[in-house]
2 protein chains.
Amino acid sequence: VIRIEGLTRTYVMGTNQVHALAGIDLTVSAGEMVAVMGASGSGKSTLMNMIGCLDQPTSGSYELDGEQVADLGRNRLADLRNRRLGFVFQGFNLLSRTSAQENVELPLLYDRSGRGGDSASRARRALERVGLGDRTGHLPNELSGGQQQRVAIARALVTEPSLLLADEPTGNLDTRTSIEVLALFQELNDQGLTVVMVTHEKEIARYAKRIVELRDGLIVRDVPVHDR
Amino acid sequence: VIRIEGLTRTYVMGTNQVHALAGIDLTVSAGEMVAVMGASGSGKSTLMNMIGCLDQPTSGSYELDGEQVADLGRNRLADLRNRRLGFVFQGFNLLSRTSAQENVELPLLYDRSGRGGDSASRARRALERVGLGDRTGHLPNELSGGQQQRVAIARALVTEPSLLLADEPTGNLDTRTSIEVLALFQELNDQGLTVVMVTHEKEIARYAKRIVELRDGLIVRDVPVHDR
Ligand SMILES: Nc1ncnc2c1ncn2[C@@H]1O[C@H](COP(=O)(O)OP(=O)(O)OP(=O)(O)O)[C@@H](O)[C@H]1O
Ligand SMILES: Nc1ncnc2c1ncn2[C@@H]1O[C@H](COP(=O)(O)OP(=O)(O)OP(=O)(O)O)[C@@H](O)[C@H]1O
Ligand SMILES: [Mg+2]
Ligand SMILES: [Mg+2]
């Protein structure tokens with residue numbers, strides 16, 4: 001699914017250069033469940049934005065489902081993102097004047113493949129799966145931090161992606177709610193969804209099958225998870 | 001320092017009522033370090049907003065440093081907030097077009113007490129204490145999630161408050177950075193800073209001296225932490 005070689009991402013700030021990614025080699029096959037860990041500032045979100053086709057590398061190659069992402073035009077990229085990828089952002093990125101249900105419905109309205117089904121009821125079902133069936137009409141500022149995070153998770157899953165990219169999906173959730181969300185990810189992974197999630201909590205990472213650790217923009221460790 | 005009796009906060013939404021706080025009794029003395037825990041949506045941020053004088057209760061009384069908050073006018077409240085309280089928000093709430101250093105300097109510019117000292121160097125020192133000495137010129141969108149969170153922590157501490165209210169201060173931080181931030185809180189607490197922090201991680205809560213647990217807007221548990 002994902003084949004990355006020699007990927008770098010450098011920010012130029014005045015006379016300074018920040019090497020957010022300093023040369024990443026990473027292959028993820030279909031159906032894997034990978035946890036990405038590492039210190040604050042080590043490059044996790046930058047890597048996730050690359051994989052999610054939301055940012056361009058400074059150098060290196062990225063092949064998604066056999067296609068070189070660098071060769072794809074804007075429309076093709078947007079289409080790929082909408083149909084195959086689900087993205088849970090670290091900062092939620094919900095539309096503030098829009099209800100929870102409408103936020104979750106939004107990706108379905110962009111889906112030109114016409115996969116059908118009533119988008120409002122699909123959105124409500126996705127919210128029920130993350131425990132927010134009684135909050136569908138709330139605006140983001142009428143929801144707690146963890147509830148906003150769960151709306152972002154529902155939005156990422158409603159399009160039935162083949163690859164889920166979740167950046168700190170349980171950062172604002174209590175342990176019990178976190179376990180419910182991870183059980184949902186595992187269930188979807190058993191059904192074939194490829195999952196790449198960033199987490200800083202070891203117990204959360206152990207729900208995955210493989211842990212990739214970043215330090216200063218490089219992968220320093222890539223190991224399977226034993227006795228899950 | 002904090003004396004709360006019978007505090008409620010109810011949101012009216014159409015025909016529905018959401019009892020975010022259903023009757024809170026809580027006393028916190030000067031120099032305490034309290035962790036507030038509870039499920040997503042249990043009322044933690046609502047309680048923190050009350051304590052931080054950022055929201056008005058529906059009923060009940062709140063006395064801060066011997067003064068009834070309900071009797072205070074807007075100017076007096078703003079003054080109290082600026083001089084005695086430091087607030088770390090769950091969503092960081094940084095100004096997006098402003099550098100890390102300027103974000104941290106902001107509360108010093110509002111401080112009419114003229115406590116003096118060059119606000120730029122005080123802001124830089126606060127950022128160094130949270131490990132961001134080399135990121136002072138970055139805008140929030142040029143910082144990682146955990147770096148933004150640390151800017152929010154530096155901003156809350158730069159005015160040398162007597163009460164720190166931190167809502168999920170380590171939600172986006174890796175374990176090692178979290179420990180550094182909590183060690184800083186403990187050091188300031190040893191010097192007399194009263195700390196009330198929300199966390200969903202048990203290991204983080206154990207840095208405090210007391211754990212208060214919320215469920216559905218009520219305190220269900222209030223116990224000291226043993227063998228820290
Ligand atoms: N403006 C609002 N209007 C209606 N309901 C609200 C509003 N703000 C919060 N709520 C509701 O009040 C309850 C408590 O919210 P609060 O933000 O205090 O929870 P929390 O314990 O901080 O949760 P989390 O751990 O997810 O951050 C939630 O169920 C939420 O949906
Ligand atoms: N637009 C930008 N301009 C300059 N530097 C940036 C920019 N975006 C990110 N950085 C820097 O790149 C590094 C990696 O950032 P990234 O967001 O990937 O880290 P992260 O591992 O996700 O951290 P966290 O766990 O705190 O979320 C950080 O040191 C950050 O300061
Ligand atoms: Mg990040
Ligand atoms: Mg909260």
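Letters A, B, ... are given to chains in the order of the sequence lines, protein chains preceding strands, and every chain is numbered from 1.
Taking non-hydrogen atoms and a 4.5 Å limit, the residue list of residues 4-18 of chain A in contact with chain B, ordered by number, reads A/M13, A/V18. Contacts with chain A (heavy atom to heavy atom, under 4.5 Å) involve no residue of residues 94-103 of chain B. Residue-level contacts of residues 137-152 of chain A with chain B, in order of numbering, are A/H138, A/E142, A/S144, A/G145, A/G146, A/Q147, A/R150; threshold 4.5 Å between heavy atoms. Residues of residues 176-190 of chain A lying under 4.5 angstrom from chain B, judged on non-hydrogen atoms, are A/T177 in numerical order.
By the 6.0 Å contact criterion, CG on A/D216 is open, its count of non-hydrogen atoms from other residues, nucleotides or ligands being 12 or less. More than 12 heavy-atom neighbours from other residues, nucleotides or ligands sit within 6.0 angstrom of CD on B/E128.
Side-chain atoms of B/D174 do not come within 3.5 Å of backbone N or O of A/H200 as any donor-acceptor pair.
Comparing B/E201, B/K202, B/E168, B/M37 by how many heavy-atom pairs each has under 4.5 Å with chain A, the most go to B/E201.
In this structure, chain A has a heavy atom under 4.5 Å from the backbone of B/T170, while its side chain stays farther away. For chain B, no part of A/S42 is nearby; none of its heavy atoms comes within less than 4.5 Å.
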